[in-house]
Amino acid sequence: MALADNTGCAKPSEDFPFPEIIELNVGGQVYITRHPTLVSVPGSLLWEMFTQKNVRSLARDSKGRFFVDRDGFLFRYILDYMRDQQLVLPDHFPERSRLQREAEYFMLPELVKMLAPKLSKQNSLGDDPCQSDPEELSPNADTTRNLTSASAVLPSAVAGGPGGAVTAGMGAASTDVRRAGFITIGYRGSYTLGRDSQTDAKFRRVARIMVCGKTSLAKEVFGDTLNESRDPDRPPERYTSRYYLKFTFLEQAFDKLADAGFHMVACNSTGTCAFAHDQTDDRIWTSYTEYVFYRE
């Protein structure tokens, strides 16, 4: 089979059971590294996999890479640690507890100690592992709604008295937290069109809705429905184009943007004919569409 010629599964020699360069598929993310790196920490899970087990007994993916069913995005920090036994995390790293769980799985006790909140010096964490996350202090949609609700509760009849002053102040505060900015959402779609252009096109469902914009705005608008796994380290005031939504309904995304005060200012789309069926005249078209929203 062709898989036997892959780098990740080159035929092992009798003296060295694993190739020098190893390809790993960790949760769908591909990593290429050297065998000595993977066995640099004796007693670890990777050391056990690539020294104590036979090369043929390890799980492989369809391309012959060694497969590990763990978080592929956090594994980069595991691999960095395996290279020089040092921990270097980006600023405002929000996945510390999850990375600690990965370190426990890969049996790296020293890395687990480095990630423990009370022992970590890198991010100056204390008992609260979320203390260094600036997003906990930044205003969000919930804060806006709470301030607006509180101002609505106060009776309008006493607008000229102390209660009215409080209402005015809280109303101003709720306006201040609505930061201006752009958010772009996009998706790739495909549809089938027959020879007769008058027939209805057969559209396929949207596979993924991408989100591009400032991190803090995206989190404010979409909240828990935002998947940040492709760019988990982005600080709140930086921009990203790697987020996507956990749902696939465009109308739901539009509603969330409208509820947050955004309105559409532009849109564009491109389409190409990908291929045609051999036995029919139907053509498969692919397209990419973006919608740009703005809030003043």
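For the single chain, residues carry numbers from 1 onward in sequence order. Note that this is a predicted model, so its numbers are computed, not measured.
Contact check on E220 versus K214 returns no salt bridge, with no Lys/Arg side-chain nitrogen under 4.0 Å from an Asp/Glu carboxylate oxygen.
Under the side-chain contact (heavy atoms from CB on, under 4.5 Å) criterion, T270 pairs with Y288, not counting sequence neighbours. Every residue two or more places apart in sequence or in another chain that forms a salt bridge (charged side-chain N to carboxylate O under 4.0 Å, His left out) with D231 is listed here: R234. In this view, F249 satisfies the ring-ring contact (aromatic ring centres under 6.0 Å, His included) rule with no residue, not counting sequence neighbours. For F106, the ring-ring contact (aromatic ring centres under 6.0 Å, His included) partners two or more places apart in sequence, or in a different chain, are F75. In this view, F254 and I185, L250, M264, Y291, F293 satisfy the side-chain contact (heavy atoms from CB on, under 4.5 Å) rule, not counting sequence neighbours. Every residue was checked against the side-chain hydrogen bond (donor to acceptor under 3.5 Å, both in side chains) condition with Y187, not counting sequence neighbours, and none meets it. Residues that satisfy the side-chain contact (heavy atoms from CB on, under 4.5 Å) test with Q86, not counting sequence neighbours, are D84. Listed by chain and residue number, Y31, P232, D233 satisfy the side-chain contact (heavy atoms from CB on, under 4.5 Å) test with R76 (two or more places apart in sequence, or in another chain). For E110, the salt bridge (charged side-chain N to carboxylate O under 4.0 Å, His left out) partners are K113, not counting sequence neighbours.
V30 is not listed as a side-chain neighbour of L24, based on a closest heavy-atom distance of 4.5 Å or more. When side chains are defined from C-beta on, M210 does not count as touching S241, because their heavy atoms never get closer than 4.5 Å. Residues K219 and P236 are not in side-chain contact: their nearest non-hydrogen atoms beyond the backbone lie 4.5 Å or more apart. For the pair F262/F182, no side-chain contact is recorded, criterion being any heavy-atom separation below 4.5 Å from C-beta on. Counting heavy atoms from C-beta outward, L79 and T37 have side chains that approach closer than 4.5 Å. Residues V39 and L46 have side chains not in contact (no heavy-atom distance under 4.5 Å, counting atoms from C-beta outward). Put simply, the side chain of Q100 reaches to within 4.5 Å of the side chain of E104, judged on heavy atoms. Here the side chains of E228 and Y243 are in contact, with some heavy-atom distance below 4.5 Å.
Residues S229 and Y244 come closest through the heavy atom pair OG-OH, 4.0 Å.
Hydrophobic clustering (side-chain heavy atoms under 4.5 Å, transitive across Ile, Leu, Val, Met, Phe, Trp, Tyr) groups L89 together with L74. L58 and V68 fall within a single hydrophobic cluster, where Ile, Leu, Val, Met, Phe, Trp and Tyr are joined by side-chain heavy atoms under 4.5 Å apart, directly or via other members.
To the nearest 0.5 Å, atoms CZ (R242) and CG (N227) are separated by 11.5 Å. With rounding to the nearest 0.5 angstrom, the CZ atom of R238 is 9.5 Å from the OG1 atom of T215. Between the NZ atom in K256 and the CZ atom in F222 there is a gap of 8.0 Å [rounded to 0.5 Å]. Taking CG from D80 and OG1 from T33, the interatomic distance works out to 9.5 Å, rounded to the nearest 0.5 Å. Atoms CE and CD, from M114 and Q85 in turn, are 8.5 Å apart once rounded to the nearest 0.5 Å. Note that CD1 of I78 and CG of L99 are 5.0 Å apart. Values are rounded to the nearest 0.5 Å.
Within the structure, the ring pair (Phe, Tyr, Trp, His ring centres under 6.0 Å) test picks out the following pairs touching residues 36-61 (sequence neighbours left out): F18-F50, F50-F66. Counting only residues at least two apart or on different chains, the salt bridge (Lys or Arg N to Asp or Glu O under 4.0 Å) pairs with a member in residues 27-47 are E20-R34. Applying the salt bridge (Lys or Arg N to Asp or Glu O under 4.0 Å) test to residues at least two apart or on different chains, none of the pairs has a partner in residues 37-52.
By the 6.0 Å contact criterion, CD on Q52 is enclosed, its count of non-hydrogen atoms from other residues, nucleotides or ligands being greater than 12.
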Query - Verdict with supporting geometry, R179 and E237, salt bridge (Lys or Arg N to Asp or Glu O under 4.0 Å) - result: CA-CA 11 Å; R179 292 163 293 182; E237 296 306 316; 3.7 Å; yes

